[in-house]
Amino acid sequence: MGRRVAIVGTGHSKFGVRLDVSLAELAYESIREALDEARIGLDDIDLVVVGNAGGWSSEPLPAVVVNEYSGLSGKATLRVESACSTGSSAIKVARDAIASGDAEVALVVGVEKMNESPTPTVVEFIGRAGNYFWEFENYGLTFPGYYALYATSYMFRYGVREEDLCSVAVKNHYYASMNPKAHFPRRITVDDCMKSRYVAWPLKLYDSSPITDGSAAVVLASEDVVGKITDSPVWIEAIGASSDTSNLSRRPHFLGLDAARRAALQAYRKAGLEPDGIVKQLDLAEVHDCFTIAEVMAYEDLGFAERGEGVKLVREGQTYIGGLIPVNLSGGLKAKGHPIGATGVSMAVEIARQLWGRVERGRQAPINVGRGLAHNVGGTGHYAYVATYTLSKPRG
Amino acid sequence: MSQREQADAFLKQMEEFSEAMKRSVGVPVVIDPRSGVTMWYDQRELKLRYIISVEKLKRFFEALGEGKVLATKCKATGTILFPPQADCPEAPEGGVEWVEMPVEGELLTWTVINVKPYSFSHYDDYVVGVARMANNVNVLAWVRCRDPSKLKPGMKVKLVVVRREPEGYLTYELEPIEG
């Protein structure tokens, strides 16, 4: 396992259509905040890991561009990509480098500037994210289209209605309305969602996360130096990682994401958590709701509900504060926004700030056990990362 | 207006604006009407078209001309690989052989693509589905149907070779069997 690693500083830009900033300026917004929060200087950093999916934005070497702008040229650095779970893989790469003894302090920044290209181009880039030759070239799938294949299968099998999916969007917009960093900090109703146009039947515009620009950053430190930086670290307890086939046709079913299920079980095992009754061992979860159906499947893949029963949590409001387990108090990808490479880092920032008891009134989870979970999926279950973060130092 | 025409019209407007700005202030900046912020209209355009190697899968494309959809099969284990691939990772020594995919299958799931990628924006809304074929191997393809509201999971479908227009090349699609 190596050395234990903690988050000692967090930064988060305003998410949205950020036409006012370049990629580097956007990244620096959260880098500066994270360094200020950790109260460390540029000299203290051994490694910079930049999470960026790119393609739609103009800089093909985002790591060196961001580092130069931020005064970090000369550091060991790399850019990491695993589609929508890019941010989580960036955290894992930095965590592993510190755990191995190769670095003491690392900066992780996830950044995405999606609005540098027109929407149809962005739709094209994300649609190609799967198996380009066999499933895009001839059939033109889109990101909502891939998830719609899961939604259709799930809805017919378990008798789920479009209104049920819209209820997920309503919850996430409700919490986003209290998050000033969110892309859409406003409430919506089931009716608003039901009236929105289809983007990939049965998914509608309001079932979908938006095209968002944003950045998020964390400073990670080894257990050997963490005490010099802060007396309230948030520890990375465990990271589970898995993947699945590039071709969706090679999946045995469309009722849940097997990669996410494997990543969750791996994380629980590494953390020494009991998969049965997992919700009692968590204060909150940030899950990958790129589409409303994805949040319902996440409940099941994480073991919050049995297969086919995730929708009951939605109908009963069990994932609001006060329910079984609060989920996506940030507003989620759905309403906070989904700047692809930043999302996983944004989840880590949100969980750390939740555990510190620092987020806005009305969306702060009660912190009892001192543990939060991040579920970050890349593509359509092509990659999956599940991480748990704790206030108390994990077992060695 | 098709989604293609809308997308092109948007860019044309942006380009005309930047041309006017070049004439007036000397640089191709555009002002976002919503936020009022200044942006640079890129003067370099990249045309992206890949040239993809299919030498080892030549037989697959020949067979489309014979109206057949082929898969590969691991000689040592019998595992069917679709989409076809030239190597059998579970038993590489034995190699693979070409086999025909069955024509009949059952629809597992589908969607209707309403908002399209740029390179598909000249088509009307299209249906993409996944079928489990009689050999228990799945195929993802367009579903040829006029009314997607009639589709049901488990519905019988045929795997057919068709000519994709307007490009005019052979590919495969799924066709619901009536009745």
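Labels below follow one simple rule: chain letters A, B, ... track the order of the sequence lines, proteins then strands, and each chain is numbered from 1.
- Taking every heavy atom of both residues into account, A:Arg128 and B:Ser119 meet most closely at NH2-OG, 4.5 Å.
- Neither the backbone nor the side chain of B:Ser121 comes within less than 4.5 Å of any heavy atom of chain A.
- Between chain A and the options B:Gly36, B:Ala7, B:Ala141, the largest number of non-hydrogen pairs under 4.5 Å is found for B:Ala141.
- For a residue to count as touching a neighbouring chain, one of its non-hydrogen atoms must lie under 4.5 Å from one of that chain's; by this rule B:Tyr123 does not touch chain A.
- Put simply, the side chain of A:Glu135 never gets that close to the backbone of B:Leu140: no donor and acceptor are under 3.5 Å apart.
- Around atom CG of B:Asp147, more than 12 heavy atoms belonging to other residues, nucleotides or ligands sit under 6.0 Å away.
- The CD atom of A:Glu137 sits 11.5 Å away from atom OH of B:Tyr50, with the distance rounded to the nearest 0.5 Å.
- The neighbour count for B:Lys22 NZ, taken as heavy atoms of other residues, nucleotides or ligands under 6.0 Å away, is above 12.
- The candidate with the highest count of non-hydrogen atom pairs below 4.5 Å against chain B, out of A:Asn131, A:Val123, A:Val199, is A:Val199.
- Looking only at distances, a side-chain donor or acceptor of A:Arg250 sits under 3.5 Å from a matching main-chain atom of B:Pro83.
- Interface check for chain A: of the options B:Glu167, B:Arg132, B:Gln3, B:Glu173, the most heavy-atom pairs under 4.5 Å are formed by B:Arg132.
- Contacts between A:Tyr132 and chain B at a heavy-atom distance below 4.5 Å involve the side chain alone, from C-beta outward.
- Counting heavy atoms of neighbouring residues, nucleotides and ligands inside a 6.0 Å radius, atom CD of A:Glu68 does not exceed 12 of them.
- For the residue pair B:Thr171 and A:Tyr139, a side-chain donor N or O sits within less than 3.5 Å of a side-chain acceptor on the partner.
- Nearest heavy-atom pair across B:Val115 and A:Arg197 is CG2-NH1, 3.4 Å.
- For B:Asp87, the CG atom counts as loosely surrounded, since its 6.0 Å shell holds 12 or fewer non-hydrogen atoms of other residues, nucleotides or ligands.
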Should A:Trp56 and B:Tyr118 be marked as a ring pair (Phe, Tyr, Trp, His ring centres under 6.0 Å) after you check the CA-CA gap, both sets of side-chain angles, and the distance that decides it?
CA-CA 13 Å; A:Trp56 35 65; B:Tyr118 183 78; over 10 Å; no
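- Of the possible polar contacts, one joining the B:Asn114 side chain to the A:Trp201 backbone as a donor-acceptor pair under 3.5 Å is found.
- A donor-acceptor distance shorter than 3.5 angstrom exists from the side chain of A:Thr152 to the backbone of B:Trp110, with no hydrogens or angles considered.
- For a residue to count as touching a neighbouring chain, one of its non-hydrogen atoms must lie under 4.5 Å from one of that chain's; by this rule B:Tyr41 does not touch chain A.
- Heavy-atom neighbours of A:Lys181 NZ from other residues, nucleotides or ligands within 6.0 Å: above the threshold of 12.
- Contacts between B:Val137 and chain A at a heavy-atom distance below 4.5 Å are absent for every atom of the residue.
- Between the CH2 atom of A:Trp134 and the CG atom of B:Leu57 there is a distance of 5.5 Å, given to the nearest 0.5 Å.
- Between B:Tyr169 and A:Asn138, the side chains place a donor N or O and an acceptor N or O closer than 3.5 Å (distance only, hydrogens not considered).
- Among A:Asp20, A:Leu248, A:Leu141, A:Thr121, the residue making the largest number of heavy-atom pairs under 4.5 Å with chain B is A:Leu141.
- Most heavy-atom pairs under 4.5 Å with chain B: of the set A:Ser249, A:Pro252, A:Gly127, A:Ala151, this distinction falls to A:Ser249.
- Within a 6.0 Å sphere centred on CD of B:Glu66, heavy atoms belonging to other residues, nucleotides or ligands number more than 12.
- For chain A, the nearby part of B:Val37 is the side chain; its heavy atoms alone come within less than 4.5 Å.
- For B:Val139, the part sitting under 4.5 Å from any heavy atom of chain A is the backbone (N, CA, C, O) and nothing else.
- The nearest pair of heavy atoms linking B:Thr109 to A:Ser153 is OG1-N, 3.3 Å.
- At a 4.5 Å heavy-atom cutoff, the contact between B:Ile113 and chain A is made by backbone and side-chain atoms alike.
- No more than 12 heavy atoms of other residues, nucleotides or ligands lie within 6.0 Å of CD in B:Glu93, so this atom counts as exposed by the packing criterion.
- Distance check, rounded to the nearest 0.5 Å: CG of B:Leu108 to NE2 of A:His253 gives 11.0 Å.
- Residue contact with chain B, scored on non-hydrogen atoms closer than 4.5 Å, involves the side chain of A:Phe254 exclusively.
- For chain A, no part of B:Arg44 is nearby; none of its heavy atoms comes within less than 4.5 Å.
- For A:Arg157, no part sits under 4.5 Å from any heavy atom of chain B, backbone or side chain.
- The contact between A:Phe133 and chain B is made entirely by side chain atoms (from C-beta outward), counting heavy-atom distances below 4.5 Å.
- For B:Leu46, no part sits under 4.5 Å from any heavy atom of chain A, backbone or side chain.
- Contacts of B:Leu107 with chain A are absent, with no heavy-atom separation under 4.5 Å from either backbone or side chain.
- Taking all atoms of both residues into account, the shortest heavy-atom contact from B:Ser35 to A:Leu19 is OG-CD1, 4.4 Å.
- Taken from CD in A:Glu124 to NZ in B:Lys116, the straight-line distance is 13.0 Å, to the nearest 0.5 Å.
- The number of heavy-atom neighbours closer than 6.0 Å to CZ of A:Arg32, taken from other residues, nucleotides and ligands shown, is 12 or below.
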